[in-house]
Amino acid sequence: MTLPAQERGRAIEILLDGKRVAALEGDTLAATLLNAGVVPFRRTAVSGQGRLPLCLMGVCFDCLVEVDGVQNTQSCMVQVRDGMRVSLPAGARRVEEPK
């Protein structure tokens with residue numbers, strides 16, 4: 001479904017693994033990544049099985065990505081913002097050293 005131009009958010013850009021991706025202000029990060037053809041979002045640490053958003057309402061945790069350095073962010077629950085830096089996770093979660 002395409003909304004009329006006056007009902008769509010303004011065009012912005014996010015960075016996905018260092019590459020510019022077009023987005024619309026007000027869209028979720030999951031919707032933006034799906035619109036950009038990003039598949040899969042992540043792979044499981046044990047089997048390497050690809051994962052994509054399933055529920056799009058924060059229940060399933062299949063849409064986890066890293067946003068501005070924060071791991072395990074549910075992309076379906078975050079609105080895109082201009083300049084947002086997104087990384088697709090690879091393997092198990094990194095353990096951060098205490099500061």
- Query: Could you state the interatomic distance from CG (Asp17) to CD (Glu66), rounded to the nearest 0.5 Å?
  - Reply: 9.0 Å

- Task: Find the distance between CG (Leu56) and CE (Met77) and round it off to the nearest 0.5 Å.
- Result: 10.5 Å

- Query: Rounded to the nearest 0.5 Å, how far does CG of Asp27 lie from CG of Leu34?
  - Reply: 11.0 Å

- If you take all heavy atoms of Gln79 and Gly26, which pair is closest and at what distance? NE2-O, 3.6 Å

- Are side-chain heavy atoms of Leu33 and Val65 found at a separation under 4.5 Å? yes

- Item | side-chain hydrogen bond (donor to acceptor under 3.5 Å, both in side chains) partners for Asp68, two or more places apart | Arg81

- Measure the spacing between CE of Met84 and CG of Leu16 and express it to the nearest 0.5 Å. 11.5 Å

- Query: So which heavy atom on Gly50 is nearest to which on Arg43, and how close?
  - Reply: N-NH1, 3.5 Å

- Roughly how far, to the nearest 0.5 Å, is the CG atom of Asn72 from the CZ atom of Arg42? 8.0 Å

- Hey, are the side chains of Pro53 and Asp62 touching, using non-hydrogen atoms and a 4.5 Å cut-off? no

- Message: With clusters defined by side-chain heavy atoms of hydrophobic residues (ILVMFWY) lying less than 4.5 Å apart, directly or transitively, does Val39 cluster with Ile14?
- Response: yes

- Message: Starting from Val21, can I reach Leu24 by hopping between I/L/V/M/F/W/Y residues whose side chains sit under 4.5 Å apart?
- Response: no

- Query: Are Asp82 and Glu25 close enough that some pair of their side-chain heavy atoms sits under 4.5 Å apart?
  - Reply: no

- Query: Would you say the side chain of Cys76 lies within less than 4.5 Å of the side chain of Cys63, judging by non-hydrogen atoms?
  - Reply: yes

- Over all heavy atoms of both residues, which pair between Val59 and Cys55 is shortest? Give the atoms and the distance, please. N-SG, 3.2 Å

- Message: If we ignore hydrogens and angles and just use 3.5 Å, is the side chain of Glu13 paired with the main-chain N or O of Arg20 as donor and acceptor?
- Response: no

- Query: So, the side chain of Ser75 versus the backbone of Leu29: is there a donor-acceptor pair under 3.5 Å, distance only?
  - Reply: no

- Message: Quick check for you: to the nearest 0.5 Å, what is the distance between Phe41 atom CZ and Leu64 atom CG?
- Response: 10.5 Å

- What closest approach, in Å, do Ala23 and Val80 show between heavy atoms, and which atom pair accounts for it? CB-CG2, 4.0 Å

